[in-house]
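In what follows, a structure is listed as structure tokens, so that the remarks can point back to it.
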Amino acid sequence: MKCALVRPDGTTVHTERHPTDAGRGPDAVVETILDVAEGLAGKARADGLDPVALGIAVPGVVDEAAGVAVWSANVGFRDVPLRDLAAARLGLPTALGHDVRVGGLAEARLGAGRGTGHVLFVAIGTGIAAAHVVDGVAATGAHGAAGEIGHILVRPGGPRCGCGRDGCLEAVASASAIARRYAEATGAGPTGATGGGGPTGTPASAADVADRAAAGEPAAAGVWAEAVEALADGLATGQSLYDVESIVVGGGLAQAGPRLFDPLRAALHERMTFHRRPRLVAAALGDEAGCLGAALLALDAR
Ligand SMILES: [Zn+2]
């Protein structure tokens with residue numbers, strides 16, 4: 001859990017990290033969240049600050065209007081009324097958001113999308129998810145599940161996705177998919193035991209694949225190019241739907257820098273026929289985006 005005290009102008013005055021320990025079960029995780037939040041409010045008061053609102057962001061499916069964490073695979077939440085629990089414990093106006101949507105909110109208002117009214121934020125890590133932010137507000141969808149751009153079908157009959165369908169964007173182009181596909185292409189098992197892995201015998205990561213592609217290794221170049229093409233297909237679909245000014249890419253894969261952005265920008269622009277070309281830029285807030293976005297959501301909800 002990343003936690004912060006944030007001023008209304010978006011500056012962070014204090015940060016903390018705490019283990020989630022999801023293995024203890026969802027009830028214990030909720031108790032920890034409430035304890036940590038209470039501790040942060042106490043810390044603020046001790047420092048002469050006046051906490052005015054609390055924002056919490058969780059992964060999965062989040063019903064922001066109801067303040068309920070509907071479903072979250074990694075922490076085991078099922079219909080947890082987290083907003084009301086936290087508001088009752090702390091006595092502060094509280095907002096509950098979705099981790100990628102609040103990240104997008106922060107990038108759109110304070111980060112790489114600042115100054116543009118229509119932003120598509122895309123986080124590429126173990127999965128791929130997006131947030132569509134218009135004039136500083138992220139759309140949630142009717143069921144709290146908007147932005148699942150990773151499950152756009154880009155390669156019918158392609159690799160199996162975690163959702164059970166074949167050929168989703170994230171099955172080809174997430175950081176984990178890139179590492180897995182490279183291991184497959186080089187004959188290395190998931191453990192990298194037969195070679196093709198990293199220098200220490202660990203499997204090559206997506207960043208390693210980017211390095212090797214840049215160095216001209218054919219297998220890496222092939223996997224990387226396929227990922228870039230698939231991402232361009234997914235982002236082009238996003239642009240067809242949303243007609244944004246800026247597409248902001250964050251998450252682990254954005255660390256690849258120009259090795260990702262240069263070919264991706266070219267491939268995306270190739271796909272724009274009558275659509276306006278969006279700016280394609282790297283996220284600017286890094287790790288802090290989630291905390292800042294949760295704070296923005298809380299301030300908006302006051
Ligand atoms: Zn899928």
Side-chain angles (χ1 to χ4, degrees), residues 1-8 10-106 123 125-127 129 131 138 140-141 143-148 162 251 285-302:
M1 293 180 212
K2 297 167 205 158
C3 319
L5 294 173
V6 179
R7 289 186 189 277
T11 54
T12 299
V13 294
H14 170 75
T15 60
E16 291 179 12
R17 285 184 184 235
H18 299 271
T20 307
D21 285 339
R24 299 172 300 148
D27 293 344
V29 173
V30 168
E31 274 311 302
T32 303
I33 290 171
L34 300 180
D35 289 346
V36 167
E38 204 167 27
L40 277 165
K43 158 87 181 151
R45 291 191 182 98
D47 291 351
L49 300 168
D50 178 26
V52 293
L54 168 66
I56 302 173
V58 297
V61 177
V62 181
D63 184 338
E64 292 182 14
V68 173
V70 176
W71 179 87
S72 177
N74 32 5
V75 275
F77 290 155
R78 301 284 183 275
D79 295 318
V80 179
L82 201 46
R83 182 190 63 197
D84 290 350
L85 290 171
R89 172 79 78 91
L90 273 77
L92 290 174
T94 301
L96 179 69
H98 175 263
D99 60 347
V100 173
R101 284 201 293 268
V102 299
L105 197 62
T126 53
T140 61
H143 312 95
E148 294 288 356
L285 302 173
D287 249 13
E288 262 201 293
C291 283
L292 290 172
L296 292 174
L297 201 64
L299 289 166
D300 289 350
R302 269 192 301 168

If you look only at distance, which donor and acceptor atoms sit under 3.5 Å apart when one is on a side chain in residues 39-56 and the other is two or more places apart or in another chain?
| unit_1 | atom_1 | unit_2 | atom_2 | d |
| --- | --- | --- | --- | --- |
| K43 | NZ | D47 | OD2 | 3.0 |

V36 backbone acceptor or donor facing H18 side chain under 3.5 Å = no
Backbone of A145 reached by a side-chain donor or acceptor of H143 within 3.5 Å = no
Would you name the heavy atoms of G97 and V102 that are closest together and state the gap between them?
-> CA-CG1, 4.1 Å
R83 bridged to D63 by N-O distance under 4.0 Å = no
Give a yes or no on whether the backbone of A4 and the side-chain of T15 come within a donor-acceptor separation of less than 3.5 Å.
-> no
Going from CZ on R78 to OG on S72, what distance comes out if it is rounded to the nearest 0.5 angstrom?
-> 7.5 Å
M1 and V29: which non-hydrogen atoms are nearest, and at how many Å?
-> CE-O, 4.4 Å
T12-R7 side chain donor-acceptor pair, cut-off 3.5 Å | no
For L34 and A86, work out which heavy atoms get closest and say how close.
-> CD2-CA, 3.5 Å
Which residues pass the salt bridge (charged side-chain N to carboxylate O under 4.0 Å, His left out) test with D21, sequence neighbours left out?
-> none
Any side-chain heavy-atom pair of V62 and D99 under 4.5 Å = no
Do T140 and H98 touch side chain to side chain, with heavy atoms closer than 4.5 Å?
-> no
When you check the gap from the basic side-chain N to the acidic O, do E31 and R89 get nearer than 4.0 Å?
-> yes
4.5 Å side-chain heavy-atom contact, F77 and V68 = no
Would you mind writing out the side-chain donor-acceptor pairs for residues 289-302 within the sub-3.5 Å range, not counting sequence neighbours?
| unit_1 | atom_1 | unit_2 | atom_2 | d |
| --- | --- | --- | --- | --- |
| D300 | OD1 | R109 | NH2 | 3.2 |
| D300 | OD2 | R109 | NH1 | 2.8 |

Worked check of salt bridge (Lys or Arg N to Asp or Glu O under 4.0 Å) between E64 and R101 = CA-CA 11 Å; E64 292 182 14; R101 284 201 293 268; 3.1 Å; yes
Say whether, by atom type as modelled, one donor and one acceptor occur between the side chain of T32 and the main chain of V30 under 3.5 angstrom.
-> no
